[in-house]
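In what follows, a single structure is set out as structure tokens and then discussed.
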Amino acid sequence: SLFGTPVSKSSMAESRYFPNPYPPTLQGERAKILDDSKNQLSEEYIANSKRTVQNLLKVLDAEEKRSLDWGDVSVYTGVCGYVLLYIHLSDVLEDDSYIQKALPLIEKAITKIKGRRVSFVCGDPGPLTLGAILYHRLNMKSQVPACIEGVKKMKRDILNPKSDVPDEILYGRAGYLYALLLIQKEIGKAEIDDTLVRSVVSAILDSGRALALKERRSVPLMYQWHEKHYIGAAHGIIGILFMLLQAKEHLTSAELHELVKPTIDYIAKLQFPSGNLPSSLSNESDRLIHWCHGAPGAVFLFAKAYQVFNEKSYLEHALKAGESIWERGLLKKGYGLCHGSSGNGYALLYLYQVTGDSEMLYRAAQFGRWCQDYGKHGCRTPDRPMSLFEGLAGNIHFLADIANPKNAKFPAFVL
Ligand code: GSH
């Protein structure tokens, strides 16, 4: 009715997240999250986190035994998401049994790849790269080259400017670049020739320059996916620029300062007063706060830009993005990495890693506490509830990582 309570835009937006129940600063926080020196997580917090990891792994195990879908071997929602988690657990828990758990999964996954999709997260380079890493670690040396060759073979589409391969992380060139950089880091520089890395970087820059020119943009690089100019980490400019910054040794100084930097500055101008960012250039709404769209991805880009260019304003943009995550980042969508609370927790953790500020560690740890209570908030169940990017496996990855906050890394994204 005329006198009824109007449904305001902000209350619609609010329905996407839970009000953050935790005090915003360390001061006055009674929960024992940080120890007395305030620079480290308390033993109690770490013990809780580790216990939760073990309990949630039992859930994952049972579900995996019941219903493993070999039709999807991707890192994003499929079998290789579990493989990635187990490799991670073998590292952070220093327990080789997880490698043994991953081995039969990767062996079968590699036989199921489809010869399409070029990215680490959604395509063949995921299973192939993880295979190479596992075989390398297990000293099954004869198996490594075929995996790496499989990854290299995909350069054909990547380097062809006429192919319809996009540039973003989830399906495109930046997602392929990640696979190359990961192989170099985990196995050795000799496995992937720097000239290949350079040619992928060039292809990404060429593509961005061409679109900016075609659209007569005032910014040197522009990207689109499915004809939309997405901004976020998964499908957009932020993810592409972040990957380029991680590959900066393969860029010339001119490329870094005259192409990448002005494009970051352009993105920074799009930041809302709240700290969040729009999901695409055509979208004005301050709504999505996920790693895939909005502030969490921007935290990674701005914080990395601060490290690379050493300009304080980037850090300010990153911290502002962090504020919006703190306010609106405990999501009703679930606990996953891509559009859930664990992905948002990783962004807060990255702010801690870049600033060393215990207030940021405190905030990330509160998101960790939320994720320890997985399943208890009445969130919606994702389509692939156990998966790494939508579901439980991502939540476990985050909880296992936060116990060692300086080394934590958002998987398939941060090197
Ligand atoms: N299928 C996904 C799940 O079950 O977890 C949900 C899809 C989803 O949330 N997609 C992200 C998104 O932001 C992009 S990757 N969707 C738009 C929205 O939330 O309005």
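Excluded from the calculations below are hydrogen atoms, water molecules and symmetry mates; all remaining heavy atoms, backbone and side chain alike, are included. Counting starts at 1 for both ligands and their atoms, in listed order. This structure is a prediction, so every number in the text was calculated from the model and none was measured.
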Under a 4.0 angstrom heavy-atom cut-off, which atoms of ligand 1 come close to L288? 13 (O), 18 (C), 19 (O), 20 (O)
Within the 4.0 Å heavy-atom shell around E390, which atoms of ligand 1 are there? 1 (N), 2 (C), 3 (C), 4 (O), 5 (O)
Below 30° counts as parallel, above 60° as perpendicular, anything between as tilted: where do the rings of W291 and F410 land? parallel
Check the angle between the aromatic planes of Y230 and W225 and answer parallel, tilted or perpendicular using the 30° and 60° thresholds. tilted
State plainly whether the residues E323 and R363 are in salt-bridge range, i.e. N to O under 4.0 Å. yes
For [atom], the protein heavy atom that lies nearest, with its residue and separation:
| atom | value |
| --- | --- |
| atom 14 (C) of ligand 1 | C292 SG, 3.5 Å |
| atom 6 (C) of ligand 1 | H339 NE2, 3.5 Å |
| atom 8 (C) of ligand 1 | K333 NZ, 3.2 Å |

What part of [X], side chain, backbone, both or neither, has a heavy atom within less than 4.0 angstrom of ligand 1?
| X | answer |
| --- | --- |
| R287 | side chain |
| P382 | both |
| C338 | side chain |

Test E149 against K152 for salt bridge (charged side-chain N to carboxylate O under 4.0 Å, His left out), laying out the working first. CA-CA 5 Å; E149 278 315 309; K152 285 185 188 165; 3.6 Å; yes
Using distance alone, determine whether H290 and ligand 1 share an N or O pair under 3.5 Å. yes
Hey, does Y76 come in under 3.5 Å of ligand 1, counting only N/O atoms on both sides? no
With a 4.5 Å cut-off on side-chain heavy atoms, are K332 and Y17 touching? no
Minimum distance, heavy atoms only, to atom 1 (N) of ligand 1: which one of D383, L170, T77 is it? D383
The test is side chain to side chain donor-acceptor pair (under 3.5 Å); show your working for H136 and E186 and say whether it passes. CA-CA 9 Å; H136 173 75; E186 293 290 322; over 6 Å; no
Using a cut-off of 6.0 Å, state whether more than 12 heavy atoms not belonging to Y45 lie near its atom OH. yes
Flag if over 12 foreign heavy atoms under 6.0 Å of NZ, K153: no
